[in-house]
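Scroll down for the structure; my scribbles are underneath it.
Here is how names work: the chains are called A, B, and so on, in the same order as the sequence lines, proteins then strands, and each is numbered from 1.
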Amino acid sequence: MRIAAGVERGPAVTFSVDGVAVAGHIGETVGAALLAAGWRDLRSGPGGGGRGMFCAIGVCQECVVMADGVVREACRLPVRDGLVITTRRLRDVR
Amino acid sequence: MCADLTADLVVLGGGPAGGHAALAASGAGLDVVLVDEGAAPGGQVWRAPGVAVSNHAALGPDHRAGEALRAALTASKVRVLAGHRAWLLQAGFTVHAAAADGAARLQAPALLLAPGTTERVIPFPGWTLPGVMGLAGATALLKGNRMLPGRKVVVAGAGPLLVAVAASILKGGGTVAAVVDLGSMPEWLRGVPAMLGRPDLILRGLGWRALLLRHGVPYLTRHAVLRAEGDNGVASVTVAPVDGDGAFEPGGNARRFEVDALLVGHGLVPASEAARSLGARHLHVPALGGWVPELDGLGRSSIAGLYIAGDGAGVRGAAAAALAGAQAGLAVAHDLGRIDAARHTAEQAPLAARVARAARFGRAMAALVRIRPGLIAAIPPEATICRCEDVTRAEIEAAFDEGARQIGQLKAWTRCGMGPCQGRFCGPTIEALAAQRGIAAEAFGPMVARPPLRPMPIGTLTGDFDPAALTLPPSLPSS
Ligand SMILES: Cc1cc2nc3c(=O)[nH]c(=O)nc-3n(C[C@H](O)[C@H](O)[C@H](O)COP(=O)(O)OP(=O)(O)OC[C@H]3O[C@@H](n4cnc5c(N)ncnc54)[C@H](O)[C@@H]3O)c2cc1C
Ligand code: FES
C-alpha cells in the first residue's frame with residue numbers, strides 16, 4: 001500500500017508482469033509497485049512453494065524476475081513504462 | 001563497456017560510515033572514489049527516497065542526516081559512483097564493479113570497506129511464504145519507496161527496529177496487529193544507562209511507543225512467532241510466550257493474528273565477506289553480530305592499505321558508524337603521507353570520545369538482539385533453514401550426526417548455503433545450530449567468501465575481465 005501523506009509520486013507508468021498490466025510510479029521499484037498491486041508471489045522456491053521479497057536490499061535473491069529478458073532483483077529494479085517482467089513461478093519446480 | 005578509474009582511495013559503501021570516510025579523506029586532500037550499489041549515497045539507515053518527498057520534516061532525523069550527507073558529498077571533490085555493485089576485490093587494490101549498463105574497474109593504493117550489514121532472521125515454519133519480510137528490509141521499502149509492506153502486519157523479532165518499523169507503518173496509514181518482542185521490559189531498562197548519552201534517541205523511542213499506545217497496538221514482550229500460514233502468501237501469524245532464552249513456554253497461551261505481512265528480524269550481521277575475500281584476519285564476536293575484522297582503533301585491518309569501518313566491522317549503530325568512518329578516512333590520509341602526525345592526532349582527538357559514547361549506545365541495542373539458544377532449539381525439524389536450496393533443520397542435524405564439524409562440510413553434504421544468497425541468511429542460523437552441539441564458531445568457520453561478493457546476473461560479469469586473475473581463497477576440506 002502506497003503511503004500518501006507527504007509523498008509526491010513520480011509520473012505514472014504501466015509495466016507488465018506475466019502479461020498482466022501493473023501500474024507504478026517513476027521512483028518505485030518493481031517489487032514495491034507489485035506489493036501495492038497486492039502481488040506478493042514472485043517466484044517458486046526449489047520445493048515449489050511461492051517466494052516473495054524478503055531482504056528488500058538485493059542480497060537474498062528471493063525476488064528475482066526476468067526483466068526484458070535479463071535476471072534482475074525486483075526489490076532494486078526501478079519501474080519504467082513498457083517494462084516486460086516475467087516471474088519465475090512454477091518454472092523450476094522439481 | 002568498462003570504465004577505468006584510479007584514485008588515492010576507493011571507499012566501498014556509501015552509508016554513514018563510507019560517506020563520512022570519503023568526506024574525511026577528501027577533506028584531507030585525497031582523491032576519493034566512493035562506490036555504492038544504491039541509486040544515491042545514504043546506506044541503509046540514511047537511505048535516499050526513490051520517490052519525491054514533499055514533507056521532509058515528517059521524515060525525521062535519519063532522513064535529514066541522509067540529505068546532509070548527500071549535500072556534503074555533492075559539495076566535495078569525492079567522485080561518487082552510485083548504482084555500482086562491487087563484486088570482486090583484488091589485492092593492491094582493484095575493485096571490479098558492475099552497473100545495469102556497464103562495468104567499472106577502480107584502482108587505488110588504499111581501500112576502505114564500509115559495506116554495512118545483512119539481517120539475521122531465525123527460521124520458523126512459514127518464514128518462506130511471500131509476505132514474510134525482514135524487519136530491516138521493511139525500512140528499505142518504507143524509506144526508499146514510501147510503501148507499506150502490507151495493510152495489516154505483525155512486527156516481530158528483537159531490538160530497536162521493532163518500534164521504529166511499527167511506528168512508521170502506523171504513520172503511513174497501515175494497521176499493526178501486534179508487536180512481538182523477544183525481549184522483556186527489564187531487558188530494555190538494563191540498556192538505559194548506556195542510552196543516557198543519547199537523549200535524542202530515547203525521546204524518539206518513547207515517541208514511537210506513545211504512538212503504538214494511542215493506536216492500541218498490543219505490545220507482547222517475551223513472545224516469538226510460532227508459525228506463519230497461508231496459501232499463496234502469509235495470511236496468519238501465530239505467536240506464543242517465550243522465556244528469557246527464547247524457549248517457548250510449555251502450555252503458553254498462543255495467539256493468532258490475521259495479516260497480509262509479517263516483518264521479522266533478530267538482529268544484524270556484519271557483511272564481512274569483502275574483507276575476508278582479501279584475507280583480512282577476523283574474529284568471532286557475538287556481541288558485535290558475528291565475524292568481525294581485527295582492527296586497530298582507527299579502522300586499520302591486518303592487511304596494509306585495507307581499512308574497515310561502520311557496522312560492517314561490528315554492529316554499533318549509525319552514529320558510531322559515521323564517526324568510525326571519519327576516523328578511518330583520516331587514518332588513510334595520514335598513512336598515505338597526506339597529513340602529518342600532528343594534524344592527524346589533532347583531528348582524531350575529538351572523534352575518539354564521541355565514538356566511544358555512540359558505540360556504548362549501539363552495544364546496549366546489540367544486547368537486545370543476542371542470539372537466544374531457546375529460540376534456536378525450538379526450530380522444528382521440518383522448518384527450512386536454507387531458503388535458496390530448501391534445506392531443512394532435519395537435514396542439517398543429520399549432517400551433524402554423521403560428523404560434519406565445519407561449515408564447508410555442512411555445505412557440501414546438505415547444499416545449505418550453496419544457493420544464490422551465498423549463505424548470508426542461513427549462515428548465522430547454522431552457526432547457532434553448531435554452537436548447540438558445542439562446536440565453537442572458530443572451529444566451525446565462516447562461509448568461504450567467494451566472488452562474486454554479491455549476487456550478479458551473469459551477463460554483467462563478462463566484459464574484458466580475465467577469469468585467470470581470480471584469486472580464490474582455499475576451500476575448507478569437505479570430508
Ligand atoms: C536493510 C537494513 C535496514 C536498516 N535500517 C535501519 C534503520 O532504519 N535504522 C537504524 O538505526 N538502523 C538500520 N539498519 C542498521 C544499519 O546497519 C546501521 O544503522 C547503519 O546504516 C550502518 O551504517 P554503515 O555505513 O556501516 O552501513 P550501511 O548503511 O549499511 O551502508 C553500507 C552501504 O554499502 C553498500 N554496499 C555493500 N556492499 C556493496 C557492494 N558489494 N557493492 C556496492 N555497494 C555495496 C550498500 O548498498 C550500502 O549503501 C539497517 C540495516 C539493514 C541491513
Ligand atoms: S528481496 Fe532480497 S534480493 Fe530482492
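- Looking only at side-chain heavy atoms (C-beta outward), B:R146 and A:E28 stay at 4.5 Å or farther from each other.
- A distance-only check finds a donor-acceptor pair linking the side chain of A:R40 to the backbone of B:V234 [under 3.5 Å].
- In this structure, the side chains of B:R387 and A:E62 come closer than 4.5 Å at one or more pairs of heavy atoms.
- Applying the 6.0 Å contact sphere to CD of B:E258 captures no more than 12 heavy atoms from other residues, nucleotides or ligands.
- At distances below 3.5 Å, not a single donor-acceptor pair connects side-chain atoms of B:N145 with backbone N or O atoms of A:A32.
- Ranked by non-hydrogen atom pairs under 4.5 Å with chain A, the options B:R47, B:R151, B:E119 are led by B:R151.
- When heavy atoms are compared at a cutoff of 4.5 Å, B:D231 does not approach chain A at all.
- A distance-only check finds no donor-acceptor pair linking the side chain of A:D41 to the backbone of B:G233 [under 3.5 Å].
- The CG atom of A:L34 sits 9.5 Å away from atom CE of B:M147, with the distance rounded to the nearest 0.5 Å.
- Interatomic distance, B:Q422 CD to A:C60 SG, rounded to the nearest 0.5 Å: 12.5 Å.
- More than 12 heavy atoms of other residues, nucleotides or ligands shown are found within 6.0 angstrom of CG on A:D68.
- Here B:C388 is the residue among B:C388, B:G144, B:A136 with the most heavy-atom pairs under 4.5 Å with chain A.
- In terms of heavy-atom pairs under 4.5 Å with chain A, the best-connected choice from B:P149, B:P130, B:G419, B:C421 is B:P130.
- Contacts of residues 50-59 of chain A with chain B at a heavy-atom distance below 4.5 Å involve A:G50, A:R51, A:G52, A:M53, A:F54, A:C55, A:A56, A:I57, A:G58, A:V59, listed in sequence order.
- The backbone N or O of B:E37 sits less than 3.5 Å from a side-chain atom of A:R76, completing a donor-acceptor pair.
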